[in-house]
*Asks:* 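Before I ask anything, let me first share the structure, which is written out below as structure tokens.
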Amino acid sequence: MRVSLLVACLLFPLVGLIAQEDTTNYQRAKRLIAQGTHEEAMELLRPYLDEERYSKLSGYARYHFARAAYGNRQYELARNVLNQLLEPGAWEPADEARYLLALTHFQLSAPSEALGLVDAIRDEALRREAYEASYEFLKVSATSLLLLQYEAYPENLGLVMALKEKLESQGSLSSGDQRIYQQIRNSAYTGMGEGDKIATDNVLDVAVVLPFNYDGGSGVSSLQKNNFVFQLYQGIRLALEKARAEGVAINFRTFDTERSTEKVSQILRDPFLKKADVILGPLYPDETAEVASFAQIYEIPQINPLSNIDDNIREFGYSYLFRPSVQALSQRVIDYCRRFEGNRIALAYSGVSRDEQLAGIFTEMARRSGLEVVKSQKLSTRETRGFFESLGLGNEEETSVDVMVIFSDDPNIASPTFALVESLESGIPVVVMESWLYFNFANYEMMESQNFHFVGNNTVDFNDEKLTEFREAFLEEFKEYPSSFVYLGYELAALVAQVVNADQGFDFRKNLDRRGFQEGNLTFGFDFSNVRYNDYIPMLRLEEGVLTIEEE
């Protein structure tokens, strides 16, 4: 561990300290220490250790002698000399001696003594360097040791960062460890060489933090075209480049989380993240919680591009969902179901977390609103036919339900559902997610005739000429049509560039509230006023082959 430049270059006026004494060897010794010639420096400094002859100069000589001993790996010798300097009244610049002695104790595997010395440092700049040194020494320590030291020195940000990374590297945490992790997560980013948030300039700085290599590998250049994260990024990049071409001052950088919390921690120490005006991403819950905590500390809007689940951002006031929350989706479907005759609902859902949450929230809302969920089932492909048959659909007898609701984006559930609804010809309303419109096996004529209704989830407006122009331009550049992830990425970045810029100002929350409902570039639109998710959830239906918004 090197001694900091502040300490290594410690200079002081010699005039008046001693009279008529030759300090040539003293000055030469300091130069030799800077060059790494420690043994020779120690020999040159030994005569100056005589306090009776050299008075105050001997204190400085002892300090530099200890530096040379430290550099020569003579840690016991350095410790003894520095302890003498720290005796009451022995030497005035005590913080420098404490810092060097702390490094020495770290080298001697005595972290408790080292951390106690760091805690005693009063000089702000030197304490920050001591925190950095603490991190470098402690990051390889056992979790049990770090937990013990954290109880005694919770303000040492280097210790906090080392413990945080250690806890994140573990496969699972005990309840006690989880409690401590929650305590330290926020404080971990407020040190380690970082000051307050950088003042806003007139350039929109966007950090794109996405798990490009979510299934392994490294490097964006090696990604396949069917990588959904890469497709999302394609849309983001196109929108930001278009805004830049239209005169918006934009600077953006991309970071790959590689599905690693350790990598996320590394990313968040990049100076650009603290400078950013908006963070786009990440996607997965563990990464989102980490970035959301950082965004909360530095008051940076952070947006999850794809998720409907707000569990990991609810406690963080600067985190947003680009799509509607599960709560908002559930409420919208409940309100919509009440327009039909009858109150009996059959509910099906897939096993992914969003759909299970939707089903649970929807069921509770239905109970409170007077609707009856007569059947609720988690579906797989094999169970779809049995679910329909259990409802008595297609029989001559009266069906047991009035509305069917299916929460799923799974094409393996959508495909048999289309076939069964068409063959059974029950005619009851079927409410599904708008993602079903994108499936290449979907037949618009059949979906219209069989009474399908679609829950808007940042839905693309297929009838808009701007979408046609976008598709053709994308095809010309990339030799393929854009996917739904390209649309979402484009809309997200376009919205950000419209809301936060030099003309509109950089207060994301204030600008969203002021704008209210906003028309989309490719979608039906957004409304983030007074909420942290898209609260515009149109219900859609096909009429004469055209996707239209149903009247409220």
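Throughout, numbering of the chain's residues begins at 1 and tracks the sequence.
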*Asks:* CE of Met365 to CD of Gln327: how many Å apart, nearest 0.5 Å?
*Replies:* 3.5 Å
*Asks:* Backbone N or O of Ile313 within a donor-acceptor pair of the Arg532 side chain at under 3.5 Å?
*Replies:* yes
*Asks:* Can a donor-acceptor pair be found, under 3.5 Å and without considering hydrogens, that links the side chain of Gln296 to the backbone of Gly317?
*Replies:* yes
*Asks:* Evaluate side chain to side chain contact (heavy atoms under 4.5 Å, CB included) for Phe485 paired with Leu306, printing each intermediate quantity in order.
*Replies:* CA-CA 9 Å; Phe485 297 107; Leu306 301 182; 4.0 Å; yes
*Asks:* Quick one about Tyr336 and Glu550 (side-chain donor to acceptor, distance below 3.5 Å, no hydrogens or angles considered), yes or no?
*Replies:* yes
*Asks:* Please identify each residue that fulfils side chain to side chain donor-acceptor pair (under 3.5 Å) with Lys378, with sequence neighbours left out.
*Replies:* Glu356
*Asks:* Can you check whether Arg253 reaches Val208 side chain to side chain, under 4.5 Å on heavy atoms?
*Replies:* no
*Asks:* If you measure from the Lys or Arg side-chain nitrogens to the Asp or Glu carboxylate oxygens, is any gap between Arg128 and Glu132 under 4.0 Å?
*Replies:* no
*Asks:* Is any side-chain heavy atom of Ile549 closer than 4.5 Å to one of Met539?
*Replies:* no
*Asks:* Are Asn458 and Pro324 close enough that some pair of their side-chain heavy atoms sits under 4.5 Å apart?
*Replies:* yes
*Asks:* Do Phe454 and Trp436 have side chains that approach each other closer than 4.5 Å (heavy atoms only, starting at C-beta)?
*Replies:* yes
*Asks:* How many angstroms lie between CD in Glu477 and CG in Leu238, if you round to the nearest 0.5 Å?
*Replies:* 6.0 Å
*Asks:* Tell me, do Asp461 and Leu522 make a side-chain contact under 4.5 Å, heavy atoms counted?
*Replies:* no
*Asks:* Hydrogens and angles aside, do Arg471 and Tyr487 bring a side-chain donor and acceptor to less than 3.5 Å of each other?
*Replies:* yes
*Asks:* Could you tell me if Asn511 and Gln498 have a donor-acceptor pair between their side chains, going purely by distance under 3.5 Å?
*Replies:* no
*Asks:* Determine whether the side chains of Asn304 and Arg323 contain a donor N or O and an acceptor N or O closer than 3.5 Å.
*Replies:* no
*Asks:* Between the side chains of Gln331 and Asp335, is a donor N or O closer than 3.5 angstrom to an acceptor N or O?
*Replies:* yes
*Asks:* Begin with the C-alpha distance, continue with both residues' side-chain angles, and end with the deciding distance and a verdict on ring-ring contact (aromatic ring centres under 6.0 Å, His included) for Phe316 and Phe294.
*Replies:* CA-CA 10 Å; Phe316 302 110; Phe294 175 91; over 10 Å; no
*Asks:* Within the distance-only criterion (no hydrogens, no angle test), does the side chain of Gln450 pair as donor or acceptor with the backbone N or O of Gly427 below 3.5 angstrom?
*Replies:* no
*Asks:* Ignoring hydrogens and angles, tell me if any N or O in the side chain of Asp402 forms a donor-acceptor pair with the backbone of Arg344 under 3.5 Å.
*Replies:* yes
*Asks:* Say you draw a straight line from CE of Met433 to CG of Asn308; how long is it, rounded to the nearest 0.5 Å?
*Replies:* 6.0 Å
*Asks:* Go through the side-chain N and O atoms of Gln518 and Arg515 and say whether any donor and acceptor fall under 3.5 Å apart.
*Replies:* yes
*Asks:* Cation-pi between Arg259 and Tyr284: NZ/CZ under 6.0 Å from ring centre and within 45° of the ring axis?
*Replies:* yes
*Asks:* Compare all side-chain heavy atoms of Ile303 with those of Val278 and state whether any distance is below 4.5 angstrom.
*Replies:* yes
*Asks:* If you define the side chain from C-beta out and look only at heavy atoms, does anything of Asn451 sit under 4.5 Å from His453?
*Replies:* yes
*Asks:* Give a yes or no on whether the backbone of Glu445 and the side-chain of Ser449 come within a donor-acceptor separation of less than 3.5 Å.
*Replies:* yes
*Asks:* Main chain of Val264, side chain of Thr257: is a donor-acceptor contact present, judged purely on distance under 3.5 Å?
*Replies:* no
*Asks:* Per the side-chain contact (heavy atoms from CB on, under 4.5 Å) rule, which among Phe230, Tyr481, Phe474 passes with Val486?
*Replies:* Phe474
*Asks:* Scan side-chain atoms only and decide if Asp527 and Asn534 contain a donor-acceptor pair under the 3.5 Å cut-off.
*Replies:* no
*Asks:* Please identify which of these residues, Tyr318, Tyr320, Phe528, meets the ring pair (Phe, Tyr, Trp, His ring centres under 6.0 Å) condition with Phe508.
*Replies:* Tyr320
*Asks:* Go through the steps to decide whether Leu163 and Ile180 satisfy the test side chain to side chain contact (heavy atoms under 4.5 Å, CB included), and finish with yes or no.
*Replies:* CA-CA 10 Å; Leu163 177 56; Ile180 292 175; 4.1 Å; yes
*Asks:* Looking only at side-chain N and O atoms, does Asp410 offer a donor or acceptor that is under 3.5 Å from a partner on Ser350?
*Replies:* no
*Asks:* Would you call Arg367-Glu364 a salt bridge at under 4.0 Å N-O?
*Replies:* yes
*Asks:* Between the side chains of Glu290 and Thr261, is a donor N or O closer than 3.5 angstrom to an acceptor N or O?
*Replies:* no
*Asks:* Under a 3.5 Å distance rule, please check whether Ser260 uses its side chain to pair with a backbone N or O of Lys263 as donor and acceptor.
*Replies:* yes
*Asks:* Evaluate the side chain to side chain donor-acceptor pair (under 3.5 Å) criterion for residues Glu465 and Thr468: first the C-alpha distance (whole Å), next the side-chain angles of each, then the deciding distance (0.1 Å), finally the verdict.
*Replies:* CA-CA 5 Å; Glu465 291 183 3; Thr468 302; over 6 Å; no
*Asks:* Nearest 0.5 angstrom please: Ile309 CD1 to Tyr533 OH, how far?
*Replies:* 15.0 Å
*Asks:* If only atom types and distance count, is the side chain of Ser390 paired as donor or acceptor with the main-chain N or O of Phe387 below 3.5 Å?
*Replies:* yes
*Asks:* Go through the side-chain N and O atoms of Glu262 and Ser265 and say whether any donor and acceptor fall under 3.5 Å apart.
*Replies:* no
*Asks:* Would you call Phe526 and Tyr536 a side-chain contact if the rule is heavy atoms closer than 4.5 Å?
*Replies:* no
*Asks:* Decide yes or no on side chain to side chain contact (heavy atoms under 4.5 Å, CB included) for Leu358 and Leu329, but give the supporting numbers first.
*Replies:* CA-CA 8 Å; Leu358 272 172; Leu329 287 170; 3.7 Å; yes
